[in-house]
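Below: one structure, written as structure tokens.
All values below were derived from every heavy atom in this structure, side-chain atoms included, with hydrogens, water molecules and symmetry-related copies excluded.
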Amino acid sequence: MGKKIISTLVSVVLGISFLVQPSYAESKPTPNVTTFKEIKDKKELLERAKKGISDIDLTSENGEEEIVPSIGSDNKLLKIKKYKTAQLLRKEVEADGTVTSTYALTTIALASPSRTDSIWDQTSSVEVYSTIYWNKTVKNGLTYKKLTSASGGWTIAQVGVTTTSSYSYTVPSSVDAVTAAGSYIVANVGITSTATISAFGSSWVLTANNRA
């Protein structure tokens with residue numbers, strides 16, 4: 001009986017001693033993080049892009065282009081206006097010098113089958129838009145890009161009636177980042193939106209690339 005009590009007391013003492021063992025694990029330094037408010041209003045984003053306001057230089061990617069019809073015999077060219085703007089949402093600087101920046105990149109493409117050289121007909125137009133969220137990490141002289149999510153949609157305005165549709169997608173966390181700049185590899189991340197526009201007996205395929 002006495003032996004059993006002693007054994008129990010020893011076990012309790014040992015258990016307590018294990019609980020109070022000090023931890024000598026080295027704590028990781030807290031990174032320096034700066035966050036910025038995101039603009040989500042599409043009209044505000046379009047005005048920002050038209051004015052050339054962007055946290056990444058996208059000047060060369062804004063402008064007009066013409067699309068040859070895929071169907072139709074009149075060869076009427078469809079004029080497209082494309083705008084892009086990027087927002088820096090978050091910047092994290094670690095103790096070892098690694099810098100991770102999170103961006104939102106928005107692309108907006110506008111088309112009007114009834115557009116003339118002097119008039120943009122707002123009553124008959126198509127708008128294709130998308131925003132991608134991605135991280136840019138610079139570490140040990142290499143740059144990595146990782147797409148985290150994407151959203152977008154399209155708006156069709158015709159004779160006072162507006163139709164909209166949208167989508168969103170989150171990239172699985174298991175998807176690795178790609179090397180964007182280094183000795184051998186240059187890669188981009190992003191999405192491509194396409195829309196077929198039919199009017200006046202012709203059809204055009206509008207392609208809007210949104211890649212970082």
Side-chain angles (χ1 to χ4, degrees), residues 34-68 77-93 99-113 115-122 125-139 141-155 157 166-169 171 177-195 197 204-212:
T34 307
T35 59
F36 305 89
K37 185 178 180 180
E38 180 184 1
I39 300 171
K40 293 188 176 182
D41 182 76
K42 194 146 51 69
K43 290 183 178 180
E44 189 174 350
L45 287 169
L46 180 58
E47 289 303 312
R48 174 186 167 95
K50 286 181 177 180
K51 294 176 181 178
I53 302 173
S54 177
D55 294 330
I56 299 175
D57 185 12
L58 300 169
T59 307
S60 61
E61 300 191 45
N62 292 334
E64 270 194 17
E65 64 180 68
E66 294 180 329
I67 302 176
V68 177
L77 299 177
L78 179 65
K79 294 192 176 183
I80 307 295
K81 289 186 176 182
K82 292 184 178 181
Y83 300 97
K84 287 188 176 184
T85 183
Q87 302 176 75
L88 175 61
L89 304 181
R90 187 177 187 273
K91 186 174 183 179
E92 178 180 301
V93 182
V99 179
T100 299
S101 303
T102 301
Y103 290 96
L105 176 60
T106 300
T107 296
I108 301 174
L110 306 173
S112 176
R115 183 187 187 279
T116 66
D117 290 338
S118 58
I119 300 174
W120 181 271
D121 186 358
Q122 296 290 351
S125 62
V126 177
E127 178 183 83
V128 178
Y129 58 92
S130 65
T131 297
I132 62 171
Y133 296 88
W134 58 285
N135 296 329
K136 173 185 176 183
T137 300
V138 180
K139 182 176 183 178
L142 292 176
T143 299
Y144 303 89
K145 292 181 180 180
K146 180 177 174 62
L147 183 67
T148 58
S149 64
S151 62
W154 53 90
T155 301
S166 61
Y167 62 86
S168 62
Y169 176 72
V171 180
V178 297
T179 306
S183 302
Y184 307 103
I185 303 173
V186 176
N188 292 324
V189 295
I191 63 173
T192 297
S193 303
T194 60
I197 303 170
W204 304 265
V205 178
L206 189 164
T207 301
N209 290 316
N210 193 356
R211 298 181 179 277

Considering all heavy atoms of both residues, which atom of [X] and which atom of [Y] are nearest to each other, and what is their separation?
X: Ala86; Y: Leu58; answer: N-CD1, 3.8 Å
X: Ser149; Y: Val171; answer: N-CG2, 4.1 Å
X: Ile67; Y: Leu206; answer: CD1-CA, 4.0 Å
X: Leu105; Y: Arg211; answer: CD2-O, 3.5 Å
X: Thr85; Y: Leu45; answer: CG2-O, 3.8 Å

With sequence neighbours left out, what residues match [X] under side-chain hydrogen bond (donor to acceptor under 3.5 Å, both in side chains)?
X: Ser168; result: none
X: Lys42; result: Glu127
X: Tyr133; result: Glu38
X: Ser54; result: none

Residues two or more places apart in sequence or in another chain: which of them pass side chain to side chain contact (heavy atoms under 4.5 Å, CB included) with [X]?
X: Asp57; result: Thr59
X: Lys146; result: Val175, Ala177
X: Val68; result: Leu77
X: Thr194; result: Thr192, Thr207

Calculate, to the nearest 0.5 Å, the distance between atoms [atom1] and [atom2] belonging to [X] and [Y] respectively.
X: Leu46; Y: Asp41; atom1: CG; atom2: CG; value: 10.0 Å
X: Lys79; Y: Leu110; atom1: NZ; atom2: CG; value: 14.5 Å
X: Glu47; Y: Tyr83; atom1: CD; atom2: OH; value: 9.0 Å
X: Lys50; Y: Lys81; atom1: NZ; atom2: NZ; value: 6.5 Å
X: Thr35; Y: Leu89; atom1: OG1; atom2: CG; value: 9.5 Å

Ile39 backbone acceptor or donor facing Gln87 side chain under 3.5 Å: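 Yes; at least one donor-acceptor contact below 3.5 Å.
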
Aromatic ring pairing Tyr103/Trp134, orientation class (parallel under 30°, perpendicular over 60°, tilted between):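 Aromatic pair Tyr103/Trp134 classed parallel.
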
Member of Thr179, Val138, Val99 meeting the side chain to side chain contact (heavy atoms under 4.5 Å, CB included) criterion with Thr143: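 The side chain to side chain contact (heavy atoms under 4.5 Å, CB included) with Thr143 is passed solely by Val138 among Thr179, Val138, Val99.
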
Ser151 and its side chain to side chain contact (heavy atoms under 4.5 Å, CB included) partner, picked from Thr106, Ile191, Ile132, Thr131: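 Option passing the side chain to side chain contact (heavy atoms under 4.5 Å, CB included) with Ser151: Thr131.
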
Contacts of type ring-ring contact (aromatic ring centres under 6.0 Å, His included), residue Tyr129, not counting sequence neighbours: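 Tyr129 satisfies ring-ring contact (aromatic ring centres under 6.0 Å, His included) with no residue once adjacent residues are dropped.
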
Inter- and intrachain pairs under salt bridge (charged side-chain N to carboxylate O under 4.0 Å, His left out), touching residues 82-91, at least two apart: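 Listed once each, the pairs are Glu61-Lys84, Glu65-Lys82, Arg90-Glu92.
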
Test salt bridge (charged side-chain N to carboxylate O under 4.0 Å, His left out) applied to Arg48 - qualifying residues, sequence neighbours left out: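 Residues passing salt bridge (charged side-chain N to carboxylate O under 4.0 Å, His left out) with Arg48: Asp55.
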
From CA spacing to verdict: side chain to side chain contact (heavy atoms under 4.5 Å, CB included), Leu88, Ser101: CA-CA 7 Å; Leu88 175 61; Ser101 303; 3.8 Å; yes

